[in-house]
Asker: 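Got a structure for you, questions after.
FYI, side chains are in, hydrogens and waters are out, and symmetry mates aren't considered; it's all heavy atoms of this structure.
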Amino acid sequence: KGRPERLAVLDYGLFQVHANGRVIGICGYVIQTSAGETVLIDTGFPAKYADDADAATAEDELGSFGQVLALTHDNLAPAQLAELGLAPNDIDLMIQSHTHIDHVGFMHAFPGVPILIAAAERALPRPLYWSGKQAMEWPDADYVTLTGDTDIGRGFHVFLAPGHAPGQLAFMIDLPQTGSVLLTSDAISRPAEIDEAFDGSWDEPLAIRNGARLMAAAAERQAMVIFGHCPDQWKTLRKAPDWYT
């Protein structure tokens, strides 16, 4: 109903990918609108990774892919919301960009909050979680499913951009001062992924096509681009409790 007025980047911790040694930030977002609505995009790792990262990694068989480097209870979704003066019952809509382990840890923690998700993702028997071990069931929630690009409000556009995952979403929001901001999520993890032709993606041709589409939209709108897991950019991003306005 309302237009986006401000955007906060949530810090869900640091992770190292074994294959290339890349250290990536895990991010989520909060968007607040002129109508007083609060939207949460993604919820980070499950709480067990803050309790005991080694035990959680072993349980989920995540060690073959990488390791958590820095993830405390301050990096969990409830604490990150608290940085903004928010509680779970302040969230009006949750959006899941896709359902990998570093994005779905607190899907269950917002009872009564509708979840916007791609239909292709919701149609899976379980969330993707981690390919080594599908250990998560779908939470009981009111799911709103997308089958294509859509506007969910004035100045709030959602792209269906599969490639990294079957139902990958990305977002373009228009802020009063910053202007247009493209949140690529994992549709484009970092600029170099474009040059690498999205090697290793779930569907590389789809990832290439949708990556190009997103970057074209950003160029057309002269948008600020926030990538899903860009090590260099992560260090420079303004994070909660600060806002982009």
Asker: Taking the side chain from Asp102 and the backbone from Gly44, do they hold a donor-acceptor pair closer than 3.5 Å?
Answerer: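 No, because the side chain of Asp102 does not come within donor-acceptor range (under 3.5 Å) of the backbone of Gly44.
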Asker: Evaluate side chain to side chain contact (heavy atoms under 4.5 Å, CB included) for Tyr29 paired with Asp42, printing each intermediate quantity in order.
Answerer: CA-CA 7 Å; Tyr29 307 99; Asp42 292 342; 5.7 Å; no
Asker: Looking at Asp52 and Asp54, would you say the former's side chain and the latter's main chain have a donor-acceptor pair under 3.5 Å?
Answerer: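 Yes: the side chain of Asp52 pairs with the backbone of Asp54.
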Asker: Is Asp199 reaching over with its side chain to a backbone N or O of Glu196, donor-acceptor style, under 3.5 angstrom?
Answerer: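 No: the side chain of Asp199 does not pair with the backbone of Glu196.
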Asker: Can any side-chain N or O of Thr184 pair as donor or acceptor with the backbone N or O of Gly228 at less than 3.5 Å?
Answerer: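 Side chain of Thr184 to backbone of Gly228, a donor-acceptor pair under 3.5 Å: yes, one is there.
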Asker: Would you call Val181 and Phe171 a side-chain contact if the rule is heavy atoms closer than 4.5 Å?
Answerer: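 Not in contact.
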Asker: Does the ring of Phe227 carry Arg190 above it, NZ/CZ under 6.0 angstrom from centre and within 45° of its axis?
Answerer: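 Geometry flag: not set, cation outside 6.0 Å or 45°.
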Asker: In sequence, state the C-alpha distance, the side-chain angles, and the governing distance for Val17 and Phe65, and then conclude on side chain to side chain contact (heavy atoms under 4.5 Å, CB included).
Answerer: CA-CA 6 Å; Val17 181; Phe65 179 68; 4.1 Å; yes
Asker: Test side chain to side chain contact (heavy atoms under 4.5 Å, CB included) on Lys239 and Cys27 and set out the steps.
Answerer: CA-CA 9 Å; Lys239 303 179 184 72; Cys27 61; over 6 Å; no
Asker: If we ignore angles and hydrogens, is there a donor and acceptor under 3.5 Å between the side chains of Glu5 and Ser34?
Answerer: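 No, no side-chain donor-acceptor pair sits under 3.5 Å.
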Asker: With a 4.5 Å cut-off on side-chain heavy-atom distances among I, L, V, M, F, W and Y, is there a chain of contacts connecting Leu40 to Ile31?
Answerer: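 No; Ile31 is not reachable from Leu40 via cluster members.
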Asker: With a 4.0 Å cut-off, would you call Arg221 and Asp174 a salt bridge?
Answerer: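 Salt bridge present between Arg221 and Asp174.
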Asker: Under 3.5 Å, is there a donor-acceptor pair between the side chain of Thr43 and the main chain of Phe106?
Answerer: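 Checking the backbone N and O of Phe106 against the side chain of Thr43, a donor-acceptor pair under 3.5 Å is found.
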Asker: Are Ile24 and Ile26 close enough that some pair of their side-chain heavy atoms sits under 4.5 Å apart?
Answerer: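 SC-SC contact between Ile24 and Ile26 confirmed.
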Asker: Distance-only, no hydrogens or angles: does the Trp243 side chain make a donor-acceptor pair with backbone N or O of Arg238 under 3.5 Å?
Answerer: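 Checking the backbone N and O of Arg238 against the side chain of Trp243, no donor-acceptor pair under 3.5 Å is found.
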Asker: Would you check if the side chain of Ser201 reaches a backbone N or O of Asp203 as a donor-acceptor pair within less than 3.5 Å?
Answerer: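 No, because the side chain of Ser201 does not come within donor-acceptor range (under 3.5 Å) of the backbone of Asp203.
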Asker: When you compare the side chains of His103 and Asp186, does any donor N or O come within less than 3.5 Å of an acceptor on the partner?
Answerer: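 Yes - a donor-acceptor pair under 3.5 Å links their side chains.
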Asker: Kindly say whether Arg22 contributes a backbone atom to a donor-acceptor pair with the side chain of Asn20 at under 3.5 angstrom?
Answerer: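 The answer is yes, because a donor-acceptor pair under 3.5 Å joins these two groups.
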Asker: Taking atom types as modelled, find out whether Tyr129 and Asp60 have a side-chain donor-acceptor pair closer than 3.5 angstrom.
Answerer: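 Result is yes, a qualifying pair exists.
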Asker: Roughly how far apart are Ile188 CD1 and Gln168 CD, rounded to 0.5 Å?
Answerer: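 Reported value, rounded in 0.5 Å steps: 10.0 Å.
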Asker: What do you reckon, is CG of Asp195 surrounded by more than 12 foreign heavy atoms closer than 6.0 Å?
Answerer: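 Enclosed: over 12 neighbouring heavy atoms sit under 6.0 Å from CG of Asp195.
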Asker: Would Arg6 and Asp242 pass as an ion pair if we require N to O under 4.0 Å?
Answerer: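 A salt bridge is absent here (no side-chain N lies under 4.0 Å from a carboxylate O).
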Asker: Hey, does the side chain of Thr178 reach the backbone of Thr245 with a donor-acceptor pair shorter than 3.5 angstrom?
Answerer: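 Looks like yes, one N/O pair under 3.5 Å.
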Asker: Run the side chain to side chain contact (heavy atoms under 4.5 Å, CB included) test on Leu93 and Glu37 for me, step by step, so that the C-alpha distance in whole Å, both residues' side-chain angles and the decisive distance to 0.1 Å come before the verdict.
Answerer: CA-CA 8 Å; Leu93 174 68; Glu37 302 148 322; over 6 Å; no
Asker: For a side chain to side chain contact (heavy atoms under 4.5 Å, CB included) with Leu7, tell me which candidate from Val39, Ile173, Val30, Ile41 qualifies.
Answerer: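 Of the listed options, the one satisfying the test is Ile173.
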Asker: Has Trp130 got a side-chain atom pairing as donor or acceptor with His100's backbone, closer than 3.5 angstrom?
Answerer: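 Not a single qualifying donor-acceptor pair exists.
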